[in-house]
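Step one of this worksheet: look at the structure below.
What you are looking at is a predicted structure, and each value in this text was computed from that prediction instead of being measured.
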Amino acid sequence: MSLTSYSSLAYCFIFLPLVIIFYAITPKKIKWLPLLISSYIFFWLVSGKLLAYLLFTTACVYLTGLCLSFIREECDRKCSTLSQADANKIVHRSVQKQRAVLLFAILVQLAMLVIFKYLKFFCGNINGLLAYFGGQPLFEIPNFIAPIGISFYSLQAISYICDVYRRKIQADKNFLRLALFMSFFPQIMEGPICRYSDTAQRLYEADHIKFENLKLGLQRILFGLFKKMVIADRLNPLVKTVFNNYQDFGGSVIVVAAVAFTVQLYMEFSGTMDIVIGTAEIFGVKLPENFQRPFFSKSITEFWQRWHFTLGTWFKDYIYYPISMSPPFKKMTKRSRKMLGNFYGPMLISTIALFCVWLCNGLWHGAGWKYIFFGMFHFTLMTCGNLIKPVVRKIHVKLGINAENAVYKGLQILRTFILVCLGELFFRANGLLSGFEMTKKIVIDFSPKAIYDGTLLSIGLDAYDWLVVLIGLMIIFVVSVINETGVSVRLSLDRKPLPVRWACLIALIFCIVIFGAYGGTYIPVDPIYAGF
């Protein structure tokens, strides 16, 4: 059975139904067991023997939690019989030990990431630098195969270790419960990135499948399949053709391809999240949302608060705050506040922390200069946006501009979308140099003629394909607008009469079956974010 993605036939029609049946016939006391077994079978089917690395990570995290717990308990036991002065010394030594354990455990997780994802990149660049200056290659380029989803479960592992250290959660002494949290099959490939306190206990206290959960979960899975198969996969031939052969096309076609990839990426990733969250919902598990209609954002900062925000909140909690709130940086904040004022003073330190976040964000997405540039691109936009906020406010007041005006908001949304598409062009380009060359062609070789002379009908999509994509996008847009007003379309639909609900459900199924991009003319598209 080939489980290439959550939208594959093997997953939707074989694996998931079998898991549901296995789960349903298992006694309530051990319903967590089929979830754990199914999760490890799933990971083995997609990664084979690389399952050993997930087991190793889980074991490391488990032992780290127990070690931190043991150090604390030992400290408490000793302090109970000592004077205050002696107890403070014991506590100080205990904190040092805990920090050493925390640092070692984090380094183990980061070492695995570096070895599997970044070692080839680092070695290649060092060899290239030496060759530029006439030296001989220093390293043999390794060729490790990274376990699928390693970036996702590694971040979950680090968050668990840090939360135990910060006393936000207790170290779990049940290895199987922790293993289920680390490996839960719907989220292991593409997230969302969960915290232990969000899902671990609920997974372990699994309950019977309720009809309401089954119904809503399947609805959401179907909606995710619609995004993925009808829109994202259908756009892939155009995106692949233009990005792999950009020299053959003018700037206007490259613009269309950049927009198409941005739409494809969103539909693929958010559609997969719908399938993932819908799958978990069937078993009564509520996973955190990962998207909140990001293309309604009025700024880059807001965009990243709406796009893949479990990753964003992870970086905020475990990189941004630890850096900006560390004692040395607090002192720097006080000094810079005196020198630069209450607005720009704290911004100096927050900008340093933001730089670290976006450097890590870029590298998290992949080992390549284009990903580092992608991170720095968004860091620059956010920093510039923060710097000019006072100036923008003064301009608004002076010119009498109403920031809540619908036209003004629309222009902000359009500006943000253009900047996002430019960033995604580099993200998808076959290397940083290719990204710059494509951008150059947009500037010096832009002609709108290619948009209406039939060129767009000869590079992967015909008129039928474009019509399907546009209708699909209109449906997603209408649903998004309604949801943006605070009204849940799926819950509203659930309150409609039975014939209306069934009519919508059957229409959605027919759309996927009739208009989905599959068959002999379409190459299956691997999940984009599973590679991260």
(message) Taking atom NZ as the centre, does K120 end up with more than 12 heavy-atom neighbours from other residues, nucleotides or ligands that are less than 6.0 angstrom away?
(response) no
(request) May I ask you to say whether R195 pairs ionically with D317, meaning some side-chain N is under 4.0 Å from a carboxylate O? (result) yes
(request) Show your working on side chain to side chain contact (heavy atoms under 4.5 Å, CB included) between Q187 and Q156 and close with a plain yes or no. (result) CA-CA 11 Å; Q187 65 178 93; Q156 288 198 171; 2.5 Å; yes
Are [X] and [Y] side-chain neighbours, meaning at least one heavy-atom pair lies under 4.5 Å?
X    : Y    : value
L456 : L461 : no
M267 : K228 : no
V285 : E281 : no
F417 : V259 : yes
M273 : F291 : yes
F283 : P186 : no
K316 : V357 : no
Y23  : I282 : no

Backbone N/O of [Y] and side chain of [X]: donor-acceptor pair under 3.5 Å:
X    : Y    : value
W358 : F377 : no
S47  : L50  : no
T310 : I193 : yes
N125 : F121 : yes
N245 : D248 : no
S297 : S299 : no
R415 : K298 : yes
S154 : S151 : no
Y6   : T279 : no
N244 : K240 : yes

Quick one: [atom1] on [X] to [atom2] on [Y], what's the gap to the nearest 0.5 Å?
X    : Y    : atom1 : atom2 : result
K286 : I277 : NZ    : CD1   : 10.0 Å
D198 : L287 : CG    : CG    : 9.0 Å
I388 : I395 : CD1   : CD1   : 8.0 Å
D465 : L235 : CG    : CG    : 9.0 Å
C12  : L225 : SG    : CG    : 4.5 Å
D494 : Q219 : CG    : CD    : 6.0 Å

(request) Verify whether one side chain among H396 and Y408 offers a donor that lies under 3.5 Å from an acceptor in the other. (result)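 Yes, because at least one side-chain N or O of H396 sits under 3.5 Å from a partner of the opposite role on Y408.
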Taking all non-hydrogen atoms of both residues into account, name the closest pair between [X] and [Y] and its distance.
X    : Y    : result
A258 : L425 : CB-CD1, 4.0 Å
V276 : G191 : CG1-O, 3.6 Å
V253 : A450 : CG2-CB, 3.7 Å
I148 : M189 : CD1-SD, 3.5 Å
S5   : Y11  : O-CB, 3.7 Å
K227 : S270 : NZ-OG, 3.4 Å

(message) Applying the ring-ring contact (aromatic ring centres under 6.0 Å, His included) criterion to F379, which one of Y320, F355, W304, F315 satisfies it?
(response)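 Of all the options given, the one that passes is F355.
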(request) In sequence, state the C-alpha distance, the side-chain angles, and the governing distance for F181 and Y153, and then conclude on side chain to side chain contact (heavy atoms under 4.5 Å, CB included). (result) CA-CA 10 Å; F181 161 72; Y153 67 73; over 6 Å; no
(request) Would you sort out whether E424 and F374 count as a side chain to side chain contact (heavy atoms under 4.5 Å, CB included), showing the intermediate values? (result) CA-CA 8 Å; E424 298 300 346; F374 173 80; 4.1 Å; yes
How are the rings of [X] and [Y] set relative to one another: parallel (under 30°), tilted (30 to 60°) or perpendicular (over 60°)?
X    : Y    : value
Y464 : F515 : tilted
F303 : F295 : tilted
F15  : F42  : tilted
W307 : Y266 : tilted

(message) Let's go through F261 and F427 carefully: what are the C-alpha distance in whole Å and the side-chain angles of both, what is the deciding distance for side chain to side chain contact (heavy atoms under 4.5 Å, CB included) to 0.1 Å, and is it a yes or a no?
(response) CA-CA 10 Å; F261 173 70; F427 186 87; 3.9 Å; yes
Establish, yes or no, whether a centroid distance under 6.0 Å links the rings of [X] and [Y].
X    : Y    : value
Y53  : F116 : yes
W314 : H308 : no
F426 : Y371 : no
H378 : F373 : no

(request) Begin with the C-alpha distance, continue with both residues' side-chain angles, and end with the deciding distance and a verdict on salt bridge (Lys or Arg N to Asp or Glu O under 4.0 Å) for K409 and E302. (result) CA-CA 13 Å; K409 283 184 177 180; E302 183 185 355; over 6 Å; no
Please tabulate, for side-chain N and O atoms in residues 431-444, each donor-acceptor pair with protein atoms closer than 3.5 Å (sequence neighbours left out).
unit_1	atom_1	unit_2	atom_2	d
S434	OG	N430	O	3.2
E437	OE1	Y246	OH	2.1
T439	OG1	G435	O	2.8
K441	NZ	Q247	O	3.1
K441	NZ	F249	O	2.6

Donor-acceptor list for residues 476-485 side chains, cut-off 3.5 Å, not counting sequence neighbours:
unit_1	atom_1	unit_2	atom_2	d
S480	OG	I476	O	2.8
N483	OD1	V489	N	3.0
N483	ND2	V479	O	3.3
E484	OE1	R293	NE	2.6
E484	OE1	R306	NH1	3.3
E484	OE2	R306	NH1	3.4
E484	OE2	R306	NH2	2.8
T485	OG1	I482	O	2.4

